[in-house]
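One-based numbering, in listed order, for ligands and for the atoms of each. The first residue of the sequence shown is numbered 1, and numbering continues consecutively from there. Owing to the predicted nature of the structure, the values given are computational and were not obtained by experimental measurement.
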Amino acid sequence: VRVLAISGSLQARSSNSWLLRTAARVAPEDDEVVDAGSVGALPHFNPDLEADGTPTAVDALRAALGAADAVLIASPEYAHSFPGALKNALDWIVGSGELYGKPVAIVSGSPREDGARHGRAALEQTLRAQGAVIAVSRTVAVATDQGDEPNADVDQVLSAVLDGLRAAVAARTAEA
Ligand SMILES: Cc1cc2nc3c(=O)[nH]c(=O)nc-3n(C[C@H](O)[C@H](O)[C@H](O)COP(=O)(O)O)c2cc1C
């Protein structure tokens, strides 16, 4: 399956972006984990901007979502919700509808085992409002300043998350 990977963090040493790189590394050969690029590259959502043609970065995100069988979002929690830059990216998709019926897995890298649950709940609500199917949603305990060192426990978690996404894609295909 083709999985589009979206990070909710703009930090250079983001633990959430590291979770996505981990998923790409542990993915089986017939899965492809594609980096969506930084949500920070998108303009602030404003429908007026489409009057003179859709902004290039928005077009690219919509096309990447349209071409994906599933989506993997790794996002931190900020102030009991999810980052504005990620909400902005999702707002651009409301009208075009690429998330409708699409299996989505959410992982939240947090220094605390029980962290990020409010942020995930808020993200789930926004995604469901756009018709996405939440296949997996879980916090992953990680160091804040993660670097790029592999971690066998995290490898296992991301493998299981990809398994969950693959099952959701198979179920959707069987329904169609
Ligand atoms: C402005 C700000 C607000 C935060 N608010 C929360 C919060 O409400 N709940 C929580 O569990 N963590 C919170 N955190 C901690 C982040 O979720 C944590 O540092 C996370 O690992 C950052 O992800 P990143 O490494 O991918 O950038 C906050 C961090 C920042 C910078």
Backbone or side-chain N or O of Arg112 under 3.5 Å from ligand 1 N or O: no
Residue portion contacting ligand 1 (non-hydrogen atoms closer than 4.0 Å) for Ser14: both
Atom indices of ligand 1 within 4.0 angstrom of Pro76 heavy atoms, with elements: 17 (O), 20 (C), 22 (C), 23 (O)
Electrostatic pair Asp59:Arg62 at N-O distance under 4.0 angstrom: no
Distance filter under 4.0 Å to Ala116 heavy atoms, resulting ligand 1 atoms: 11 (O)
Donor-acceptor pair, side chain of Thr22 and main chain of Trp18, under 3.5 angstrom: yes
Option of least heavy-atom distance to atom 29 (C) of ligand 1 (set: Trp18, Tyr78, Phe82): Tyr78
Proximity to ligand 1 by part of Gln11, non-hydrogen separation under 4.0 Å: side chain
Interatomic spacing from NE2 in His44 to CG in Asn88 - rounded to 0.5 Å: 6.0 Å
Heteroatom proximity flag, Glu77 to ligand 1, N/O under 3.5 Å: yes
Side-chain touch Val94/Phe45, heavy atoms, less than 4.5 angstrom: no
Exam field: side chain Lys102 to backbone Leu65, donor-acceptor pair closer than 3.5 Å: yes
Per-atom contacts, ligand 1 versus Asn16 - under 4.0 Å to a heavy atom: 23 (O), 24 (P), 26 (O)
For ligand 1, the portion of Ala79 having any non-hydrogen atom under 4.0 Å away: backbone
Sub-3.5 Å N/O-N/O distance, Ser17 and ligand 1: no
Atoms of ligand 1 close to Gly109 [distance to a heavy atom under 4.0 angstrom, numbered from 1]: 20 (C), 21 (O)
Electrostatic pair Asp155-Arg25, nearest N-O below 4.0 angstrom: yes
N/O donor-acceptor pair under 3.5 Å between Glu77 side chain and Ser108 backbone: no
Donor-acceptor contact present, side-chain Gln130 to main-chain Leu90, <3.5 Å: yes
